[in-house]
Amino acid sequence: IESYVARGASPVYKYNASSTRFDFVQNIQTLGVADLEAFSISEAIPGTNVGRTRNFLAVANRQLQAPAVLSGPELFDAVPVLLEWTGGSFSEIQRFTDAASIAEDP
């Protein structure tokens, strides 16, 4: 049985300092998204004295259907995904098939 969880897209915007506005970049496909979390990791480029910063977006999707067993692993059937900024858009780099997106209480 399908639940009320919305399938759709979460828009991503990037701040444009010259226009002081946010410009649309892309839509991220989501399944009743519980949370989107942006973060960066700085690292050295091997064999050089140069560093770089990689930018990521973690997407925690909610379950898509009512679970057959309330305490079973099928309760969380929509997997979280990790996206990386590639300079012009975010691309999916990993699906966490062994993890569950669990929403925190407000």
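Here the structure is a predicted model, which is why all the values come from computation and not from measurement. These values consider heavy atoms only, across backbone and side chains, with no hydrogens, waters or symmetry-generated copies.
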Taking Glu92's backbone N and O only, do any of them form a donor-acceptor pair with Glu84's side chain (distance below 3.5 Å, no angle check)?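 No, Glu84 side chain to Glu92 backbone: no donor-acceptor pair under 3.5 Å.
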
Starting at CG of Asn55, measure out to OG of Ser40 and round the result to the nearest 0.5 Å.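 Output value for this atom pair is 3.5 Å.
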
Kindly indicate, with the supporting measurements, whether the criterion side chain to side chain contact (heavy atoms under 4.5 Å, CB included) is fulfilled by Leu57 and Leu36. CA-CA 7 Å; Leu57 183 64; Leu36 296 167; 4.2 Å; yes

Decide yes or no for Val12 and Asn27: does some side-chain heavy atom of the first lie under 4.5 Å from some side-chain heavy atom of the second?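 No, their side chains stay 4.5 Å or more apart.
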
Non-neighbouring partners of Arg52 that pass side-chain contact (heavy atoms from CB on, under 4.5 Å), sequence neighbours left out: Glu43, Ile45, Arg54

Is there a side chain to side chain contact (heavy atoms under 4.5 Å, CB included) between Leu83 and Ile93 once you walk through the steps? CA-CA 5 Å; Leu83 308 159; Ile93 60 167; over 6 Å; no

How are the rings of Phe90 and Trp85 set relative to one another: parallel (under 30°), tilted (30 to 60°) or perpendicular (over 60°)?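 Ring orientation of Phe90 relative to Trp85: perpendicular.
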
Going by the side chain to side chain contact (heavy atoms under 4.5 Å, CB included) test, name the single residue among Val79, Val81, Leu82 that passes it with Gln94. Leu82

Thr53 and Ile41: side chain to side chain contact (heavy atoms under 4.5 Å, CB included), yes or no, with the steps? CA-CA 6 Å; Thr53 300; Ile41 297 175; over 6 Å; no

Any chance you could pull the hydrophobic cluster mates of Phe22, using side-chain heavy atoms under 4.5 angstrom and chaining through other members? Tyr13, Tyr15, Phe24

Do you know which two heavy atoms are closest between Val25 and Gly88, and how far apart they sit? CG1-O, 3.5 Å

What salt bridge (charged side-chain N to carboxylate O under 4.0 Å, His left out) pairs are there with at least one residue in residues 13-38, not counting sequence neighbours?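 Output for this query is empty, none listed.
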
